[in-house]
Amino acid sequence: MPSAEDERFTFGLLINVADVLARHGYPRAEGIDLVDLRQAPYCFLYVGRKDGGR
């Protein structure tokens, strides 16, 4: 799992994701929502699917 070494997975990336969602009409992520929002791309990029697929 390369996430600890991946310099691309930054707070800036998270803010960019939040901005894109807001531009598409979703509520602005703030505070604890940012922590929750960080989990989705993290799981997608580093954990994979539960069924073993990618």
Side-chain angles (χ1 to χ4, degrees):
M1 186 179 303
S3 62
E5 301 132 19
D6 193 342
E7 296 176 1
R8 300 170 297 173
F9 197 77
T10 64
F11 186 71
L13 174 64
L14 176 62
I15 295 302
N16 288 343
V17 170
D19 288 345
V20 167
L21 291 172
R23 283 196 306 269
H24 284 272
Y26 291 94
R28 169 89 33 209
E30 299 174 337
I32 195 71
D33 290 339
L34 286 173
V35 175
D36 292 339
L37 178 59
R38 185 172 190 231
Q39 296 306 307
Y42 178 88
C43 289
F44 176 78
L45 294 169
Y46 304 113
V47 177
R49 293 174 16 189
K50 291 182 182 182
D51 66 3
R54 247 348 240 170

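Side chains are part of it too, since the values below use all heavy atoms of this structure and drop only hydrogens, waters and symmetry mates.
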Run the numbers on Arg38 and Phe9 for side chain to side chain contact (heavy atoms under 4.5 Å, CB included), then give the verdict. CA-CA 10 Å; Arg38 185 172 190 231; Phe9 197 77; 3.3 Å; yes
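- The hydrophobic cluster containing Leu21 also contains Phe11, counting ILVMFWY residues as joined when their side-chain heavy atoms lie under 4.5 angstrom apart, directly or transitively.
- When the shell of 6.0 Å around CZ of Arg8 is examined, it contains 12 or fewer heavy atoms from other residues, nucleotides or ligands.
- Note on Leu14 and Ile32: separate hydrophobic clusters, where clusters join Ile, Leu, Val, Met, Phe, Trp and Tyr whose side-chain heavy atoms are under 4.5 Å apart, directly or indirectly.
- Hydrophobic cluster membership differs between Val20 and Leu34, with clusters built from Ile, Leu, Val, Met, Phe, Trp and Tyr side chains linked at under 4.5 angstrom.
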